[in-house]
> 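If you scroll down you'll find the structure; I have some questions about it.
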Amino acid sequence: MSEQPARTLVTSALPYANGPIHIGHIAGAYLPADLYVRYLKSRKRDVVWVCGSDEHGAAITLRARKEGTTPRAIVDRYHEEMQAAFSGLDIEFDHYDRTSSAEHHAFAQSFFLDLLEKGAFTEETRQQFYDPEEQQFLADRYIQGACPKCDHDKAFGDQCEKCGSALSPEELIGPKSTLSGATPELRETTLWYLPMDRHEDWLREYLEGGKLDGEAHHNPKSWKAHVLGQCRSWIDGGLQSRAMTRDLDWGVPVPVEGADGKVLYVWLDAPLGYITATRNWAAKKGVDWEPYWKDKDTQLVHFIGKDNIVFHCIIFPILLKEQGEYLLPHNVPANEFMNLEGDKISTSRNWAVWASEYVRDFDGRSDEMRYVLASIMPEQKDAEFTWEDFQARVNNELADVLGNFVNRVFVLTGKFHDSKVPAASGKWTEVDEALLSLMKSTPEAVGDAIERYRFREALQHAMGLVRAGNKYLTEEEPWKVAKTDPARAADILHLALQVTANAAIVLGPFLPKTSARLSKALGTADLPWDAAGASLVPAGQPLAKLPILFEKITDEQVAEQQAKMGPELEGMRDVEPEKAETTFDDFQAMDLRAAEVMSAEKVKGADKLLQLTVRTGYDERTVVSGIAEHFSPEEVVGRRVVLLANLAPRKIRGVVSQGMVLMASTEDGGLRFVTPEEGAEPGDIIR
RNA sequence: GGCGAGGUAGCUCAGCUGGUUAGAGCGCAGGAUUCAUAAUCCUGAGGUCGAGAGUUCAAGUCUCUCUCUCGCUACCA
């Protein structure tokens with residue numbers, strides 16, 4: 001589909017309702033889709049974006065058991081939580097659904113029956129472990145035993161977490177059901193399998209050649225290398241049959257007589273959720289859903305993480321084609337993974353930046369996270385998020401480049417033109433023309449990059465316009481020109497204001513909040529994308545007051561966020577976050593000495609101060625210390641202490657203090673001396 | 001073990017079908033400037049393009065070997 005599609009259906013991977021959303025999810029499948037959809041909407045294209053919670057599968061039942069609750073309670077909780085997290089980051093689906101709904105069950109069942117009728121499945125009877133106490137078949141993960149390779153005694157039926165080798169349940173030594181602890185027995189069960197090997201030929205043509213049923217379908221060159229590479233790897237390796245049903249009681253029941261206790265495999269059930277969601281969206285809007293899934297002029301795009309490539313590029317297309325009525329994806333721009341501070345994100349180790357916590361800690365500052373994630377999005381390879389980088393990008397780029405530019409323009413307009421857009425003479429200089437031409441070409445450059453799923457590049461182009469604006473102001477110096485040539489100064493500001501209004505549009509998908517504030521203050525709200533590239537703000541237009549767009553992220557905030565990550569170790573205290581990293585040289589600059597307190601007296605007129613005479617071994621000096629509320633003079637005489645010796649002398653309450661005695665401050669607000677061990681003599685250097 | 005994707009300036013990353021002195025943003029150094037959130041602008045330093053071999057007049061860009069990272073997958077290519 002090289003021509004512009006009549007409409008676009010966008011999906012984002014259904015998040016598994018088994019845990020909260022973190023920035024890896026956002027950067028992988030939700031933010032890129034949101035950017036793409038916001039852009040298309042700004043261009044007034046027909047686009048619908050659906051998503052929803054994936055609420056079935058063994059992991060959820062397992063978790064429910066562990067927590068002593070029901071699967072329903074688990075999925076209800078995360079269904080709410082995930083939606084709040086998304087909306088906190090301005091991730092705005094047209095419709096967010098869930099797979100446990102009655103509509104979805106009904107649709108998935110009818111889809112399954114269609115496939116059954118068309119002979120898409122084979123029925124096979126195999127041996128599977130069964131828990132006699134719980135009277136149910138066991139998913140591989142429900143079986144635990146000793147690993148045959150490394151002897152680790154808590155290996156799961158599908159994988160040993162210790163040595164990493166993948167297993168099948170029969171290999172485990174001494175298998176036990178994790179549900180009841182009973183020894184499982186092998187029983188026969190009949191499941192429906194999808195024989196994928198039948199589909200290799202057309203899949204190859206579809207993926208490699210972009211052709212479906214002999215007709216051009218999409219441009220395979222527009223797909224990412226790692227997506228095609230992984231698909232090729234699968235097909236070249238020969239596709240296997242895969243079970244499309246499971247023996248489980250949580251899921252979409254298999255709608256066949258005698259299939260009690262069987263549900264659809266989550267990977268059959270979940271992608272069908274895209275269709276259910278579209279139907280429910282259409283019902284809500286009172287429009288026809290079918291063109292979005294069945295019309296040849298519709299473009300279908302799946303945003304996912306790289307772990308889902310095979311399901312979206314091979315298994316789901318097979319199911320869709322077998323059923324026959326639905327469109328196959330035109331692109332699956334899967335992102336790679338986002339790492340965090342040098343390590344891969346891990347839910348169980350709490351090594352993550354949780355979306356909901358970010359929203360709570362940085363209230364109203366969703367644009368900042370969106371900007372940073374868009375700048376480092378793992379489009380071609382794994383990327384890395386660090387809080388220091390977050391701070392640098394927000395402060396140096398959003399605040400200094402964008403925020404400051406907007407502020408300059410608004411302040412200048414206020415000073416010289418009473419906050420009204422000055423009229424332009426229409427006589428542009430060469431420099432003006434260059435900026436006008438960049439202003440004109442930027443929307444296309446940004447849009448083109450977005451349509452190629454190159455979001456980082458798109459953002460670069462958009463910010464490039466702002467950078468050019470800063471350069472323009474600095475070089476044209478309207479504040480100077482205003483004194484000699486007011487008409488020229490008006491031209492300069494007029495143009496700078498047009499750049500600002502254009503920036504609000506081209507940055508709109510990335511920074512929806514900022515863009516809205518900006519265009520509202522300029523009086524250019526709701527202009528479509530296609531208006532950009534030209535002058536947008538009319539002369540005489542009054543500007544509204546605009547506060548600072550971006551506050552800087554402080555070192556303390558960075559430290560606080562960094563401290564939150566990682567396992568919450570038992571016995572660990574909740575203390576002040578560590579200060580920002582320092583250098584060895586900085587530490588070396590301090591002269592710490594062992595010393596001894598010779599005498600002490602209260603400082604007159606001060607409740608908290610003791611005046612100490614301290615012996616350093618090479619001199620005796622006076623130190624004023626704020627410890628009088630904790631220690632009497634008698635208590636401290638003879639104490640061995642650590643002295644910060646080269647601290648600049650300072651007069652405190654009339655007494656010159658030449659140094660500082662180090663104390664540990666305890667949780668209850670008390671103080672304890674830091675004392676060198678016996679054998680250290682006054683004057684000894686501490687390093 | 002197999003397959004796939006990566007390994008490019010201090011950091012985060014671009015480099016399409018091989019072609020003049022390998023780029024951007026940030027950071028760093030020097031300078032300019034003051035309308036502005038000590039912001040902005042200019043200039044500069046910094047790279048054996050993971051290692052080795054090969055093809056070519058010419059390779060970060062093609063081929064082979066090795067190595068590291070990430071992902072998928074399993075006795076099947």
> Rounding to a whole Å, what distance do you find between Trp267(A):CH2 and C72(B):C1'?
13 Å

> Looking across every strand, which nucleic acid part, if any, lies under 4.0 Å from Ala383(A) by heavy atom: base, sugar-phosphate, or nothing?
sugar-phosphate

> Would you mind telling me which of G71(B), U37(B), U40(B) lies closest to the side-chain atoms of Phe337(A)?
G71(B)

> Give one of base, sugar-phosphate or nothing for Lys344(A), where a contact means two heavy atoms less than 4.0 Å apart.
sugar-phosphate

> Please work out if Asp389(A) contacts a base, only the sugar-phosphate, or nothing of the nucleic acid, heavy-atom cut-off 4.0 Å.
nothing

> Taking only Lys NZ, Arg NE, NH1 and NH2, and the carboxylate oxygens of Asp or Glu, determine whether Asp382(A) and Lys344(A) approach each other closer than 4.0 Å.
no

> Base, sugar-phosphate or nothing for Ile376(A)? Non-hydrogen atoms, less than 4.0 Å.
sugar-phosphate

> Is there a side-chain contact between Ile309(A) and His226(A) in this structure, where contact means two heavy atoms from C-beta onward sitting under 4.5 Å apart?
yes

> For nucleotides A14(B) and C76(B), find the distance between their C1' atoms and express it as a whole number of Å.
38 Å

> Out of Thr413(A), Thr500(A), Thr474(A), which residue meets the side-chain hydrogen bond (donor to acceptor under 3.5 Å, both in side chains) rule with Arg408(A)?
Thr474(A)

> How do Ala225(A) and Gly403(A) order along RNA chain B: which one's closest nucleotide is nearer the 5' end?
Ala225(A)

> Base, sugar-phosphate alone, or nothing: which one does Leu549(A) contact when heavy atoms must sit under 4.0 Å apart?
base

> Rounding to the closest angstrom, what is the interatomic distance between A45(B) and G23(B) at atom P?
12 Å

> Specify the separation, in whole Å, of atom CG of Asn470(A) and atom C1' of U37(B).
12 Å

> Could you run through RNA chain B and flag its stems, i.e. three or more consecutive Watson-Crick or G-U pairs with both distances under 3.5 Å?
B:1-7 with B:67-73, B:10-13 with B:23-26, B:28-32 with B:40-44, B:50-54 with B:62-66

> Check whether any side-chain N or O of Lys381(A) sits under 4.0 Å from OP1 or OP2 of G71(B), and answer yes or no.
no

> Measuring from the side chain of Asn404(A) (C-beta onward, heavy atoms only), which nucleotide among U40(B), C26(B), U12(B) has the closest atom?
U40(B)

> Is any side-chain N or O of Lys480(A) closer than 4.0 Å to OP1 or OP2 of U34(B)?
yes

> Measure CE/Met377(A) against P/G25(B) and give the value in whole Å, please.
21 Å

> Rounded to the nearest Å, what distance is computed from the NE2 atom of residue His226(A) to the C1' atom of nucleotide G4(B)?
10 Å

> Regarding Glu336(A), tell me which of base, sugar-phosphate or nothing describes its non-hydrogen contacts under 4.0 Å with the strands shown.
sugar-phosphate

> Is the His199(A) ring parallel, tilted or perpendicular to the Trp202(A) ring (thresholds 30°, 60°)?
perpendicular

> Give the nucleotide from the list U37(B), C72(B), U34(B) with an atom nearest to the side chain of Trp234(A).
C72(B)

> Taking the side chain as C-beta and beyond, is there a heavy-atom pair between Met369(A) and Leu31(A) under 4.5 Å?
no

> Would you mind telling me which of U8(B), G25(B), A36(B) lies closest to the side-chain atoms of Arg408(A)?
A36(B)

> Are the charged groups of Asp400(A) and Lys552(A) less than 4.0 angstrom apart, N to O?
yes

> With a 4.0 Å cutoff (strictly under), does any side-chain N or O of Asn396(A) reach OP1 or OP2 of G27(B)?
yes

> Give one of base, sugar-phosphate or nothing for Gln460(A), where a contact means two heavy atoms less than 4.0 Å apart.
sugar-phosphate

> Quickly work out the Phe385(A) CZ to C11(B) P distance and round it to whole Å.
19 Å

> In terms of side-chain geometry, is the basic nitrogen of Asp432(A) or Arg488(A) positioned less than 4.0 Å from the acidic oxygen of its partner?
yes

> Nearest whole Å is fine: how far is C41(B) P from Glu476(A) CD?
14 Å

> Just how far, in rounded Å, is P of C13(B) from CD of Glu397(A)?
14 Å

> Check this one for me: any side-chain N or O of Arg454(A) less than 4.0 Å away from OP1 or OP2 of G15(B)?
yes

> Between Glu205(A) and Lys211(A), does at least one N-O distance fall below 4.0 Å, as a salt bridge requires?
no

> Quick one: label Phe550(A) by what it contacts on the DNA or RNA (base, sugar-phosphate, nothing), any heavy atom closer than 4.0 Å.
base

> Just how far, in rounded Å, is C1' of C41(B) from NZ of Lys471(A)?
7 Å

> Side chains of Leu435(A) and Val431(A): closer than 4.5 Å at any heavy-atom pair?
no

> May I ask you to say what Gln380(A) touches in the nucleic acid, namely base, sugar-phosphate or nothing, with a heavy-atom cut-off under 4.0 Å?
sugar-phosphate

> Nearest nucleotide by nearest heavy atom, which residue falls closer to the 5' end of RNA chain B, Thr474(A) or Val409(A)?
Val409(A)

> With rounding to the nearest 0.5 Å, note down the distance linking CG in Leu398(A) to CG in Asp367(A).
8.0 Å

> Counting side-chain heavy atoms from CB outward, which of G71(B), U37(B), C26(B) is closest to Gln230(A)?
G71(B)

> Taking OP1 and OP2 of G4(B), is either one under 4.0 Å from a side-chain nitrogen or oxygen of Lys306(A)?
no

> Decide, for G44(B), between syn and anti: a glycosidic angle within 90° of 0 counts as syn, anything else as anti.
anti

> Which value, in whole Å, describes the distance between the P atoms of nucleotides U55(B) and A59(B)?
11 Å

> Just checking Arg232(A): base, sugar-phosphate only, or nothing, at a heavy-atom cut-off of under 4.0 Å?
nothing

